[in-house]
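In what follows, every chain begins at residue 1, and chains take the letters A, B, ... in the order their sequences are listed. Values below: all heavy atoms of this structure, side chains included; hydrogens, waters and symmetry mates excluded.
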Amino acid sequence: MRETDQTGDLPRILLDWYDVHARQMPWRVAPADRKAGQLPDPYHVWMSEIMLQQTTVAAVRDYFTRFVARWPAVADLAGAEDADVMGEWAGLGYYARARNLLKCARVVVAEHGGAFPADHDALLKLPGIGPYTAAAVSSIAFDVPRTVLDGNVERVMARLYDIHTPLPAAKPELMALAETLTPQDRPGDYAQAVMDLGATICSPKSPACGICPWRDPCLARTRGTAADLPKKTPKKPKPVRHGTVYLAQRADGAWLLETRPDKGLLGGMLGWPGSEWLDTQEERPMGEPPVQASWQPLDGEVRHTFTHFHLMLSVQTATIAADTAPTKGAFIPPDKFRPSDLPTVMRKAFDLSRK
DNA sequence: GACACGTGGCC
DNA sequence: TGGCCAAGTGT
């Protein structure tokens with residue numbers, strides 16, 4: 001009976017903590033204002049949740065501000081040029097998110113009259129919205145009681161109930177536990193509160209159990225296992241790949257760039273033409289230069305680590321005669337070229353050429 | 001279930 | 001320095 005009573009108190013304890021410790025974010029409505037009946041703009045909630053997928057709040061903040069300033073409503077975004085959206089997203093990573101962001105905006109305008117649906121299943125059908133984001137948007141933007149399960153909530157649940165099953169196999173179990181806690185009252189604040197707790201106090205390394213609002217009921221704290229949870233299945237080592245990129249500048253200052261294919265790595269992003277990136281041991285792939293020129297190798301190399309491999313890139317540069325036609329890509333005049341439109345690995349190659 | 005898919009900060 | 005980690009989704 002005592003256990004039941006205590007479990008019933010858990011959401012209330014966390015909401016009381018959140019009332020005091022909620023972090024300010026540009027897309028968030030403070031708990032006091034939500035209690036007064038104010039809800040955030042669903043467009044803002046959706047935008048922030050897409051950006052926050054596998055990405056820290058610190059990295060997202062400025063991108064979010066720029067996106068909503070440039071495209072204040074979902075209809076504005078739906079009418080944007082693909083290249084403008086991809087360029088604005090450059091540097092944030094996981095570029096399929098940007099492609100799906102644009103797709104989703106256009107579907108919301110075309111099929112939902114420009115208003116995001118509140119219904120979890122309707123949200124789930126939209127491009128780029130999976131189980132987590134559907135739950136986050138319906139709960140945070142509309143106060144529909146849905147359970148969010150992200151990396152934070154997984155960690156908090158694994159510790160609260162001292163679950164030793166390794167991730168990702170433990171997900172269904174952790175979801176079932178999380179669902180038992182989701183309250184009917186203030187579900188949006190509760191969702192944000194659990195994630196705030198995981199991001200600040202119940203952190204992956206050296207959790208601050210001493211100041212945690214759930215320190216008393218937390219089984220892992222009682223048993224001293226908190227820092228070792230959640231368990232995870234070991235990761236595979238990253239192979240090293242090698243390649244070459246070609247930076248060509250015409251006499252008028254134009255740069256030779258290509259838009260990468262929509263599918264696959266850096267899909268839809270601007271980049272320097274180059275070779276394939278291969279797991280070769282010795283010789284680096286050179287590929288074919290995109291234009292006839294006297295190519296000069298740069299000293300040094302670009303090192304970059306993606307999710308699943310390390311990359312070592314050599315950089316060739318050339319100055320091109322005004323009337324030379326490239327076999328790949330197109331020349332972009334200097335006033336149209338923003339290095340910030342490049343994904344980071346391509347910007348590193350550019351930076352190396354400026355040294 | 002496994003894998004592809006970015007990036008920057010942290011220790 | 002190098003591995004780990006972050007508000008996941010699509011295939």
With sugar-phosphate meaning primed atoms plus P, OP1 and OP2, does A:V57 contact a base, only sugar-phosphate, or nothing at under 4.0 Å between heavy atoms?
base
Applied to residues 120-147 of chain A, the ring-ring contact (aromatic ring centres under 6.0 Å, His included) test, sequence neighbours excluded, yields none
Contacts of A:E154 meeting salt bridge (Lys or Arg N to Asp or Glu O under 4.0 Å) (sequence neighbours excluded), chain-then-number -> A:K171
note: A:L149, atom CG; C:dG8, atom C1'; distance rounded to Å ~ 11 Å
request  = Kindly say whether A:C212 contributes a backbone atom to a donor-acceptor pair with the side chain of A:R215 at under 3.5 angstrom?
outcome  = yes
Checklist line | cation_pi(A:R106, A:W71) dist<6.0 Å, angle<=45 | finding: no
Inset, instruction - With heavy atoms under 4.0 Å as the rule, sort A:R303 into base, sugar-phosphate or nothing. - result: nothing
Taken to the nearest whole Å, CZ/A:R23 to C1'/C:dA6 is 11 Å
Under a 4.0 Å heavy-atom cutoff, the residues of residues 123-143 of chain A touching DNA chain C are A:P127, A:G128, A:I129, A:G130, A:P131, A:Y132, A:T133
Its contact letters, B for base, S for sugar-phosphate only and - for none at protein heavy atoms under 4.0 Å, make nucleotides 4-11 of chain B read SBBBS---
- prompt: Do A:V291 and A:Y246 have side-chain heavy atoms sitting under 4.5 Å apart?
  reply: no
Across all chains, not counting sequence neighbours, the side-chain hydrogen bond (donor to acceptor under 3.5 Å, both in side chains) partners of A:D252 are A:R250
Residues joined to A:L278 in its hydrophobic cluster, side chain to side chain under 4.5 Å directly or through other members, sorted by chain and number, are none
Q. Hey, does A:M346 reach any base, or is it just sugar-phosphate, or nothing, if we go heavy atoms under 4.0 Å?
A. nothing
In whole angstroms, the gap separating P of C:dC5 from CD of A:E154 amounts to 12 Å
Rounded to whole Å, CG of A:L167 lies from P of C:dG8 at a distance of 12 Å
Report task. Compute both the distance and the angle, then confirm whether A:R66 meets the cation-pi test with A:Y63: under 6.0 Å from the six-membered ring centre, within 45 degrees of the axis. Result -> yes
Taken to the nearest whole Å, NZ/A:K238 to P/C:dG3 is 8 Å
